[in-house]
Protein chains: 2
Amino acid sequence: MVASRPGGRTARVRADVLRAAGDLLAEQGFAQLDLGEVARRAEVGRTTVYRRWGTAIALVTDLLIDMAEQSLPRSRTGDLDQDLRANARLVQRTLADPRQGPLFKAIIAGATWDEGAATALRTFYRTRVGEWSPCVAEAVERGELPAGTDPAAVIQAVSAPLYYDLLITGRVPDEPAADRAANAAALAARAGAFVDLAGHAVETSDIERPA
Amino acid sequence: MVASRPGGRTARVRADVLRAAGDLLAEQGFAQLDLGEVARRAEVGRTTVYRRWGTAIALVTDLLIDMAEQSLPRSRTGDLDQDLRANARLVQRTLADPRQGPLFKAIIAGATWDEGAATALRTFYRTRVGEWSPCVAEAVERGELPAGTDPAAVIQAVSAPLYYDLLITGRVPDEPAADRAANAAALAARAGAFVDLAGHAVETSDIERPA
DNA sequence: ACCATAACGGTACTCCCGTCCCCTTAACGT
DNA sequence: ACGTTAAGGGGACGGGAGTACCGTTATGGT
């Protein structure tokens, strides 16, 4: 009895299809992503693409999952500003990348209506944020940031303006924008904007609640 | 000779179609927005919907334009924190609204691949940001914020985390989230994060210039 | 080496989205 | 009020996306 066959041909087909989908995504964008054309470019049966993925957003979701497996290690400079700037620049380079940029735009758009895309996106960012949070946690331990600062909130605060530019203003963020985002997050964090108490975190100064 | 006829029936048809589209958007989301069903719900000819709008994203775009005409006046409390919090709460309520929330999600998603949606979205936010920027400009004049602070950047910094939550983490922002966003932006602004000089705006903390 | 079968690939088919055609309705000028 | 003609509505049509069917390939266990 054979349960499944992920090896050999199946793996090659998946790789071919994902590469073709990534090419088309970079060339024409998500709106023009036609499964039939993907099959042609991948030199694969049209039926196969429909059977294994079924929809364009499912294909793009698989593309993200595939990409997520090659994750870069975070920086460890021991300095909050440098770490946050490194993080911001990583995000910025990703969004500006001719292949990854369109992929993320497609996934984010798809996540607004497709549950699979939304799940993959959240999983991806949970991993990413979890990977970079220690930068902030260590800064708290060093006394660079007030006790009780929420590491995940700081990391997300770095990314937020970059995504805002990409999605709302339609301007792909550049490196100065990344540095500004990192700087703003660092300054806000130092001022205690990301201290998570039970109540509101609007006292800014008097914070002395160790975990 | 008659050039155009925007009155009477035409206006009524537009109103009926937009209302039906908004209903369906709120009920089923953008993915299920079928022009045929919109026509049925609006009790309007299917041909008419296709002739005047053509695509679902064009319909949603018109919906945004229609909604933008009823814009709320900004608050003028004379206090930066209160103004920014009012702005954040306005954005939060919009995104959490059962009708406007799905609309914005659809428009933002559509703007990643449809030029018309992107233009409408940018126009909408240019108006919104321009309307609220005086809050920041006045705070600069009062000396609450450093000279050279970019008003638009501050306003956008308030919104960015809320959109990040909505689109990336998939969590619709609540009122505490709005207050946190406003607070973080205010603290960063006071620390000079949004001063736009020719070079880098990182005078606040130690920084090395990179060659 | 051999077999059972997971997975692929080609083709025919279906169904429905979007368009076309043409008649009907009702704005707007006079 | 009356005529001209934008604009709307019904129905038929075409095309292409997605599916069903079934034969073919090659994987993985024995």
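The analysis underlying the following values was restricted to heavy atoms, covering all of them including side chains, and did not include hydrogens, waters or symmetry mates. Chain letters run A, B, ... following the sequence lines, proteins first, then strands; residues in each count from 1.
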In the 5'-to-3' direction, what one-character label does each nucleotide of nucleotides 10-16 of chain D receive under the scheme B = base within less than 4.0 Å of a protein heavy atom, S = sugar-phosphate only, - = no such atom? BBB----
Difference in axis direction between the ends of the helix from C:dA1-D:dT30 to C:dT30-D:dA1, five pairs, 10°: 50°
At less than 4.0 Å, is any side-chain N or O atom of B:Arg12 found next to OP1 or OP2 of D:dG8? Yes or no. no
Taking 4.0 Å as the cut-off, does a side-chain nitrogen or oxygen of B:Tyr50 come that near to OP1 or OP2 on C:dG18? yes
Among A:Leu95, A:Val91, A:Val129, whose side chain to side chain contact (heavy atoms under 4.5 Å, CB included) with A:Ser159 holds? A:Val91
5' precedence on DNA chain D between A:Thr10 and A:Leu35 (nearest-nucleotide basis): A:Leu35
Check nucleotides 23-25 of chain C against the protein and report each pair of N or O atoms closer than 3.5 Å, with its distance, or say if there are none.
unit_1	atom_1	unit_2	atom_2	d
C:dT25	O2	B:Arg9	NH2	2.8

Give the rounded distance in Å between these two atoms: CG of B:Asp16 and P of D:dG8. 12 Å
For B:Trp53 and C:dC17, what is the distance between atoms CH2 and P respectively, to the nearest whole Å? 18 Å
If you take any heavy atom closer than 4.0 Å to DNA chain C, which residues from residues 23-30 of chain A end up in contact? none
Residues 150-173 of chain A vs ring-ring contact (aromatic ring centres under 6.0 Å, His included), sequence neighbours excluded, gives A:Tyr125-A:Tyr163, A:Tyr163-B:Tyr164, A:Tyr164-B:Tyr163
Using the ring-ring contact (aromatic ring centres under 6.0 Å, His included) rule, collect all pairs that involve residues 85-124 of chain A, keeping only residues at least two apart or in two chains. A:Phe104-A:Phe124
